[in-house]
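Read the structure below first, then the notes.
First listed ligand is number 1; within each ligand, the first listed atom is number 1.
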Amino acid sequence: MLHEIPILEDLDTRKLPYAETNGRRQVYLETYGCQMNVSDSEIVAAVLRESGYGLTRDAAQADVVLLNTCAIRENAEQKVRHRLDHLRAQKRKRTGALTIGVLGCMAERLRHRLLEQEQLIDLVAGPDAYRDLPRLLQETQETGQAAINVQLSREETYADIAPVRVDSNGVSAFVSIMRGCDNMCAFCVVPFTRGRERSRPFTTILDECQKLVEEGYKEVTLLGQNVNSYRDGKVNFAALLWRLSAAAPTLRIRYSTSHPKDCTDELLHVHQACDNVCDYIHLPVQHGNSAVLQRMRRGYTIDTYLHLIARARTICPGVSISTDIITGFCGETEAEHRDTLALLEQVRYDHAYMFMYSERPDTYAAKKYRDDVPHWVKKRRLTEVIQLQSSIALQNNQAEIGKVHTVLVEGNSRRSADQLRGRTDTNKMVVFDRQQYAKGQYAKVQITGCTSATLLGKAVEPA
Ligand code: SAH
Ligand code: SF4
Ligand code: F3S
C-alpha cells in the first residue's frame with residue numbers, strides 16, 4: 001500500500017518529519033493503525049497549526065506528545081501501552097511540563113478508563129473530537145487536570161479542513177471521503193470507535209483532489225472504513241469515481257478499504273472504463289466457510305463472494321484482487337479452517353493481510369460467543385494461511401515476468417539509492433535501476449524477476 005503501510009495494521013510508528021519553532025508550544029504526533037489514522041493525523045496537524053502550535057519530529061523537544069492510536073487487535077493496544085510507559089518515565093524526569101495525549105480508536109474505546117488505568121495522561125480525544133483539541137490542550141494546561149472529549153458525531157467529516165500533508169512523499173496522498181462503519185461485523189471494534197457512517201460532500205472531494213494535482217501529486221487513495229458505501233445524495237461511490245476520473249484525468253485513483261457487499265457491477269464498470277481508476281480492488285473475505293461468515297455477520301456467503309470475484313474478473317480482465325483473513329474465530333473447526341485454505345487456492349489473491357482473531361470487548365462476538373480456539377491453534381492456522389498465500393503470491397508474480405507495466409515512481413528503493421521503487425496500476429511494488437527516472441514520473445518497466453512481495457524490472461521507455 002501507500003508508503004508500504006499495510007491496509008489496517010499497526011506495524012510502523014510514523015512521525016511528523018519536520019520542525020517549526022518560533023517559541024510556540026511544540027507538538028509531537030505519532031500515528032498507529034490504519035491509513036485512516038494517518039489521514040486523521042494530517043487533520044490534527046492542520047487544526048493544531050492553525051491554532052498556533054508548532055510541529056516537531058523530535059519527541060524530546062516536544063511540549064505536547066500525542067499518540068493517535070489503534071484498537072483493532074489486542075497487540076495494537078499493547079504497543080501503545082508500552083509507548084505510554086516510556087513517555088511517563090520521561091515525564092517524571094523532565095523539568096519542563098510535558099502534556100501526554102491519547103487520540104484515535106483506543107481513546108474512544110477506553111474513554112475515562114484510560115485516564116484511570118494510565119495515570120499521567122493529560123488528554124483523551126476520540127476521532128470526531130479533533131476540532132476541540134486546542135481547547136482541550138488549553139484546559140489541561142490551565143487546570144492541571146485531564147481533559148477529555150470522546151463525543152462521536154453523525155456529521156463530522158472534517159470536509160473543510162485542508163490536511164497538512166506532513167508525512168507525504170509528494171507523489172501520493174490520502175483523501176478521506178467517508179467516516180465510520182454501520183456494518184457491525186461480530187469481531188470488529190471499528191463501529192464502536194468510529195461511530196456511524198457518514199460521507200463528505202462530493203464537491204469538497206473533487207476540490208481537494210484538484211488542489212493535489214496543482215501541487216504536483218500524481219496519485220490519490222480515497223479512504224473510508226467502508227469506502228465503497230460512500231453516498232452524497234445521488235452520488236454513490238461509482239459516480240464519485242467516475243466524476244473524479246473525468247475531473248482529474250492525470251491523477252491515478254485508488255481506494256481503501258472496500259467491502260464486498262458494496263462492490264457493485266456499476267463500480268466494476270467504472271474500473272473498466274476509466275484508465276486512471278486503478279485495476280486493483282481490496283475485497284476482504286475474512287473466512288472461507290459460509291457458516292463462519294454467518295457467525296462473523298459479514299452479510300455474504302462464499303457462493304455470493306465467489307460470484308463477485310468472477311464478475312470482477314469478467315468485467316475488468318486483469319484486475320488485481322487482495323483480501324483480509326482472520327484465523328481462529330470463535331468456534332472455528334479444523335474443517336472450517338481448511339475451507340479458508342481452499343478459498344485461497346481457488347481465488348489466488350495477489351495479496352492478503354492475515355490476522356489471528358483477537359477478541360475485542362463489547363463486540364457481538366465477545367458478548368455472544370466463546371473465544372474457544374486456543375492461541376497456539378490460531379497461530380498454527382495463521383502460519384498455514386500465510387505460507388499458502390505467499391506461495392500463491394509468488395506464482396502470480398512469476399507470471400508477470402516478461403510483461404511491461406506502467407510504474408509510478410514513489411522514491412528510492414529501500415536497499416539502494418541506485419534503484420527506484422513504484423507501483424503498477426495493479427498495486428504491485430516494482431524495484432528497478434534508476435537510469436534517468438525520478439520520483440513522481442511514470443516509467444514503462446519490463447518485469448525480469450520477483451519475490452512473493454516485490455517485482456524486479458528494467459525500465460524500457462518513458463511512459
Ligand atoms: N472495513 C474493512 C476492514 C476494517 S478492519 C472490511 O470490512 O473489510 C481491517 C481488518 O482487520 C479486517 O478486515 C479484519 O481482517 C481484521 N480485524 C478486524 N477485527 C479483528 C479482530 N478482532 N481480530 C483480528 N483481526 C481483526
Ligand atoms: Fe469492521 Fe466490518 Fe465495519 Fe469492516 S465492515 S470496519 S470489519 S465492522
Ligand atoms: Fe485501528 Fe481504528 Fe483504524 S481501530 S485499524 S485505527 S479504524
Side-chain angles (χ1 to χ4, degrees), residues 1 5-12 14 30-41 67-77 79-80 102-110 126-128 152 174 176 178-197 223-230 255-263 281-288 292-293 295-300 305 321-330 332 340 352-366 369 371 373 375 378-379 381-382 385:
M1 294 304 299
I5 300 164
I7 283 208
L8 284 153
E9 182 52 299
D10 43 288
L11 293 179
D12 273 326
R14 292 172 286 272
E30 217 168 81
T31 308
Y32 298 78
C34 62
Q35 292 156 321
M36 250 346 245
N37 260 14
V38 176
S39 173
D40 280 0
S41 287
L67 307 186
N68 192 1
T69 62
C70 174
I72 200 85
R73 284 169 289 276
E74 174 64 25
N75 59 5
E77 292 198 359
K79 193 180 282 182
V80 170
V102 175
L103 316 181
C105 290
M106 252 177 105
E108 197 61 53
R109 190 178 90 69
L110 292 164
D128 289 344
L152 285 172
F174 292 137
S176 291
M178 59 83 68
R179 301 177 72 82
C181 179
D182 288 347
N183 286 338
M184 289 286 181
C185 300
F187 51 81
C188 185
V189 77
V190 170
F192 302 93
T193 63
R194 292 279 178 165
R196 302 303 296 269
E197 269 181 36
L223 293 183
Q225 263 81 28
N226 213 342
V227 74
N228 53 347
S229 76
Y230 175 90
Y255 58 84
S256 182
T257 176
S258 42
H259 192 288
K261 81 171 171 35
D262 298 304
C263 185
I281 313 181
H282 185 58
L283 289 172
V285 68
Q286 311 298 356
H287 206 274
V292 178
L293 288 175
R295 294 206 290 281
M296 288 179 161
R297 312 187 116 200
R298 285 293 288 180
Y300 51 82
Y305 182 85
I321 299 173
S322 61
T323 202
D324 293 351
I325 299 285
I326 297 178
T327 67
F329 186 62
C330 311
E332 185 191 63
T340 295
Y353 299 92
M354 297 157 280
F355 313 101
M356 258 187 289
Y357 173 59
S358 164
E359 183 178 88
R360 308 315 292 132
D362 302 323
T363 55
Y364 186 88
Y369 310 141
D371 181 11
V373 178
H375 186 265
K378 287 181 184 172
K379 202 166 166 185
R381 290 179 184 169
L382 179 63
V385 164

Quiz item: Just which atoms of ligand 2 are under 4.0 Å from any heavy atom in Phe187?
Solution: 7 (S)
Quiz item: At the 4.0 Å heavy-atom cut-off, does Val190 count as touching ligand 1?
Solution: no
Quiz item: Any idea how many protein N, O or S atoms are nearer than 2.8 Å to atom 3 (Fe) of ligand 2?
Solution: 1
Self-check item: Min heavy-atom dist Met356 to ligand 1 below 4.0 Å
Solution: yes
Self-check item: Selection from Ile326, Val227, Thr257, Ile325 by shortest heavy-atom distance to atom 2 (C) of ligand 1
Solution: Thr257
Exercise. Enumerate the atoms of ligand 3 whose separation from the nearest heavy atom of Asn37 is less than 4.0 angstrom.
Key: 6 (S)
Quiz item: Near atom 3 (Fe) of ligand 3, is there an N/O/S atom from Cys34 that is less than 2.8 Å away?
Solution: yes
Quiz prompt | Minimum-distance protein heavy atom relative to atom 7 (S) of ligand 2 | solution = Arg298 NH1, 3.5 Å
Quiz item: Would you call Asp128-Arg196 a salt bridge at under 4.0 Å N-O?
Solution: no
Practice problem: Please find out if atom 2 (Fe) of ligand 3 and some N, O or S atom of Cys70 are separated by less than 2.8 Å. | Solution: no
Practice problem: Under the side chain to side chain contact (heavy atoms under 4.5 Å, CB included) rule, collect the residues that match up with Phe192, sequence neighbours excluded. | Solution: Met184, Thr363
Quiz item: Where's the contact between Gln225 and ligand 3, heavy-atom distance under 4.0 Å: side chain, backbone, both or neither?
Solution: side chain
